[in-house]
Chemist: 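Pasting a structure below so you can have a look.
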There are 2 protein chains.
Amino acid sequence: MADSYHHGNLRQALIDAGIKIINESGEDSLSLRKVAAECNVSHAAPYAHFNSKEELIDAIKSNVTDQFMEELEAAVSEVPTAEEAIIAMGRTYLTFFSRNPDYFVFLFGKQNITAHLQMNKDYKNDYPPFVLLKRMYKRYLEEMGLEKSFEEQEIDLIKIWAMVHGMASIACMKGVKTSFNWNDPDERLLV
Amino acid sequence: MADSYHHGNLRQALIDAGIKIINESGEDSLSLRKVAAECNVSHAAPYAHFNSKEELIDAIKSNVTDQFMEELEAAVSEVPTAEEAIIAMGRTYLTFFSRNPDYFVFLFGKQNITAHLQMNKDYKNDYPPFVLLKRMYKRYLEEMGLEKSFEEQEIDLIKIWAMVHGMASIACMKGVKTSFNWNDPDERLLV
DNA sequence: TCACTAACTTGACAATGTAAAGATACCTTC
DNA sequence: GAAGGTATCTTTACATTGTCAAGTTAGTGA
């Protein structure tokens, strides 16, 4: 299978090679031809699995997001209460992206984000990490015996997400120097 | 001057053409050759004013940032107290970027950000909007008669900035639908 | 008037995304 | 097991792009 005409699992190999290139030299230097070369196939081979460079990039993004989700879910499952879970999510969020800032730029930098932070009640077609946060937040309200309107919930969620995402954004900017401990953010996230 | 060999002020014309292209069809479709064509000069003409495509893009960024700063300073000068000024900044921040989301992606999307959100005491080589916020924040502490340590100040500033920047980030994401009023964010930004 | 230099053009080249046409190997169906 | 179909991969080709090198033009100062 190694040196046969057919690769075996080229699709995943292309994704892995793409991630490798991004980690080594950034998204800008990622080209379809390099990815193909990395997999020892011809430069047009990727077109059997992706219709465009953008499709490959989207596949990589969803691969990285899966990786991110695993860490988030692990963090959430380690604590008993929803309140702690939300704090743990924020911490994991910052840890994940300050560990590899390239992923932040890669995931959220360009405009073609498949992430949808929709606030509507059905979770359909939503950004997985945000779905998780919403679930934890709902549980938090229940555990605390709180009743809030949809609008109030929306504001809370945006506040939490904006705070954490904004911090990650700052932390991932080049040249930023603070004495802030990004891995242990202020815990009073919930207002 | 119109059809002469020398353009007159090609440098600024290139920047304007770049902004136009970004507004019309996004940063991805911005090429040096298109910018040159837009100015009716040969494809290599830009190299008399910029050493690379990146340098042109940086120039465009600083142009857009100037525009942004004008609005921020106007907003700040319209209110008497520093507290109101900070809130006005947040509102202007969100208004500016929800008015033209492309600028947000363009300014903060890629990694080569010249913006430096440095927390050190000297404002040297700092991101102008952030310098303004720090000045307002300092004035706020004075007006309120508050005394805070450098670390506490740092945390406050990061919180404010992260909140506003995070909100703008969410607002500029494609496909986001909320009932949140981005132009009138929650005013309890200061903890 | 005469260099000198900044601004611009022309021509070239390598890297890249992508399409079209052909080659190869696997898989199903008889 | 043969035949045909199809997914996978290669080869070739082309337009776009960033960038460089060499030449051209025009304004500037001595």
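Just so we're on the same page: letters track the sequence lines, and every chain starts at 1.
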Chemist: Under the 3.5 angstrom rule, does the side chain of B:Lys148 hit a backbone N or O of B:Leu141 as a donor-acceptor pair?
Modeler: no

Chemist: For A:Glu54 and C:dT16, what is the distance between atoms CD and C1' respectively, to the nearest whole Å?
Modeler: 16 Å

Chemist: Nearest whole angstrom, please: distance from the C1' of D:dT10 to the NE2 of A:His49.
Modeler: 13 Å

Chemist: Between atom OH in A:Tyr47 and atom P in C:dG17, what is the gap in whole Å?
Modeler: 7 Å

Chemist: Tell me, do B:Asp156 and B:Glu152 make a side-chain contact under 4.5 Å, heavy atoms counted?
Modeler: no

Chemist: Would you mind telling me which of D:dT8, C:dG17, C:dT9 lies closest to the side-chain atoms of B:Val41?
Modeler: C:dT9

Chemist: Ignoring the backbone of A:Ser31, work out which of C:dA7, C:dT16, D:dG18 is nearest its side chain.
Modeler: C:dT16

Chemist: What donor-acceptor contacts under 3.5 angstrom involve side-chain atoms of residues 62-71 of chain A, with partners at least two apart or in another chain?
Modeler:
from	atom 1	to	atom 2	distance (Å)
A:Thr65	OG1	A:Lys61	O	2.9
A:Glu71	OE1	A:Arg99	NH2	2.9
A:Glu71	OE2	A:Arg99	NH2	3.4

Chemist: Would you say the ring centroid of A:Tyr137 lies under 6.0 angstrom from that of A:Trp161?
Modeler: no

Chemist: If I compare all heavy atoms of B:Met163 with all of A:Ala162, which pair ends up nearest, and what's the gap?
Modeler: O-CB, 3.7 Å

Chemist: Do B:Arg139 and B:Arg135 touch side chain to side chain, with heavy atoms closer than 4.5 Å?
Modeler: no

Chemist: Under 3.5 Å, which N/O atoms of the protein pair with N/O atoms of nucleotides 11-13 of chain D?
Modeler:
from	atom 1	to	atom 2	distance (Å)
D:dT12	O4	A:His43	NE2	2.9

Chemist: CD1 of A:Ile57 versus C1' of C:dT16: gap in Å, rounded?
Modeler: 13 Å

Chemist: Find the distance B:Leu10:CG to C:dC8:C1' and express it as a whole number of Å.
Modeler: 9 Å

Chemist: Estimate the overall bend of the helix from C:dT1-D:dA30 to C:dC30-D:dG1 from the end axes over five pairs each, rounded to 10 degrees.
Modeler: 10°

Chemist: Looking only at the aromatic ring of each residue, does the gap between the centers of A:Phe104 and A:His165 stay below 6.0 angstrom?
Modeler: yes

Chemist: Once you round it to whole Å, what is the distance between P of D:dG18 and CD of B:Glu55?
Modeler: 14 Å

Chemist: Taking only residues two or more places apart in sequence, or in another chain, which ones meet B:Leu30 in a side chain to side chain contact (heavy atoms under 4.5 Å, CB included)?
Modeler: B:Ile21, B:Ile22, B:Val35, B:Lys53, B:Ile57, B:Ile60

Chemist: From CG of A:Leu32 over to P of C:dA19, roughly how many Å is that when rounded to an integer?
Modeler: 11 Å

Chemist: For the backbone of A:Thr81 and the side chain of A:Glu143, can you confirm whether one donor and one acceptor N or O come within less than 3.5 Å of each other?
Modeler: no

Chemist: For DNA chain C, find the residues of residues 14-24 of chain B with a heavy-atom distance under 4.0 Å and give them by number; none if there aren't any.
Modeler: none

Chemist: Under the ring pair (Phe, Tyr, Trp, His ring centres under 6.0 Å) rule, what do B:Phe108 and B:Phe97 come out as? Steps first, then yes or no, please.
Modeler: CA-CA 11 Å; B:Phe108 306 117; B:Phe97 286 114; 5.7 Å; yes

Chemist: Taking only N and O in the side chain of A:Lys34, is any of them less than 4.0 Å away from OP1 or OP2 of C:dT16?
Modeler: yes

Chemist: In residues 45-52 of chain B, what donor-acceptor pairs under 3.5 Å come from side-chain atoms, sequence neighbours left out?
Modeler:
from	atom 1	to	atom 2	distance (Å)
B:Asn51	ND2	B:Glu55	OE2	3.2
B:Ser52	OG	B:Glu54	N	3.4
B:Ser52	OG	B:Glu55	N	3.3

Chemist: Could you give the CG-to-P distance, from A:Asn51 to D:dT8, as a whole number of Å?
Modeler: 12 Å

